[in-house]
**Q** 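Before we start, here is the structure in question, set down as structure tokens.
Both ligands and their constituent atoms are indexed starting at 1 by order of listing. Because only heavy atoms are used, hydrogens play no part in the values below, and waters and symmetry mates are left out as well, while side chains stay in.
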Amino acid sequence: MKDCIFCKIVEGVNPAKKVYEDDDVLVFENINPVAEIHLLVCPKKHIESFLKIDESFSLTPMVEATQKIISEKNIQEGYKLVFNGGKYQTVPHLHWHLLAGKLEDNEDVLNKT
Ligand code: 5GP
Ligand code: ZN
């Protein structure tokens with residue numbers, strides 16, 4: 001979708017540090033990380049938000065990509081997935097945050113998300 005920053009990353013128009021990509025999903029590093037590992041998992045298809053998900057869209061590719069990264073990065077013992085919505089969502093392209101890495105030393109991320 002025009003003017004969507006995550007669509008521009010998906011299309012390669014805007015740069016991003018990509019961590020994983022397949023036909024349906026792109027995972028890249030957050031430009032402004034709040035934890036040692038702070039990735040954004042998004043579908044290549046433009047969907048505005050969690051509330052716009054319906055039966056025509058499967059979350060399974062995003063789930064499987066996230067499981068794979070958790071396993072590859074060996075963070076099974078401690079990670080967080082965060083879905084922001086409404087006024088707490090700043091980029092209107094569906095995504096969740098995958099956060100990990102010494103979150104016990106990171107009180108904001110540990111206790112406020
Ligand atoms: P949310 O919409 O869930 O509040 O968060 C969007 C996230 O996207 C923010 O944590 C922000 O740092 C990140 N972000 C915004 N613009 C860009 C960008 O152009 N590139 C990357 N890699 N991350 C971005
Ligand atoms: Zn988009």
**Q** Got more than 12 heavy atoms from elsewhere within 6.0 Å of CD, Gln76?
**A** yes

**Q** Do Leu103 and Lys80 have side chains that approach each other closer than 4.5 Å (heavy atoms only, starting at C-beta)?
**A** yes

**Q** Would you check if the side chain of Glu11 reaches a backbone N or O of Val13 as a donor-acceptor pair within less than 3.5 Å?
**A** no

**Q** For side-chain contact (heavy atoms from CB on, under 4.5 Å), just list the numbers for His93 and Ile5, CA-CA rounded to whole Å, side-chain angles, deciding distance to a tenth of an Å, and then say yes or no.
**A** CA-CA 8 Å; His93 180 124; Ile5 50 174; over 6 Å; no

**Q** Return the name of the atom in His46, of element N, O or S, nearest to the Zn ion (ligand 2).
**A** ND1

**Q** Tell me, yes or no, whether the heavy-atom count around Phe50 atom CZ, taken from other residues, nucleotides or ligands under 6.0 Å, exceeds 12.
**A** no

**Q** Using a strict cut-off of under 4.0 Å between a residue heavy atom and any atom of ligand 1, list the qualifying protein residues by chain and number.
**A** Ile5, Phe6, Ile9, Phe28, Glu29, Asn30, Ile31, Asn32, Leu40, Asn84, Tyr88, Gln89, Thr90, Val91, His95, His97

**Q** Mind checking the OH-OG1 spacing from Tyr79 to Thr66? Nearest 0.5 Å is all I need.
**A** 9.5 Å

**Q** Using a distance threshold of 2.8 Å, state whether an N, O or S atom of Cys42 lies below it from the Zn ion (ligand 2).
**A** no

**Q** Could you grab the angle centred on the Zn ion (ligand 2), going from SG in Cys7 to SG in Cys4, to 10°?
**A** 120°

**Q** If you look at His93, which of its N/O/S atoms is nearest to the Zn ion (ligand 2)?
**A** ND1

**Q** Where is the tightest heavy-atom contact between Ser49 and Leu94, given as atom of each residue plus distance?
**A** C-CD1, 3.6 Å

**Q** In Å, rounded to the nearest 0.5 Å, how long is the span from CZ of Phe28 to NZ of Lys18?
**A** 10.0 Å

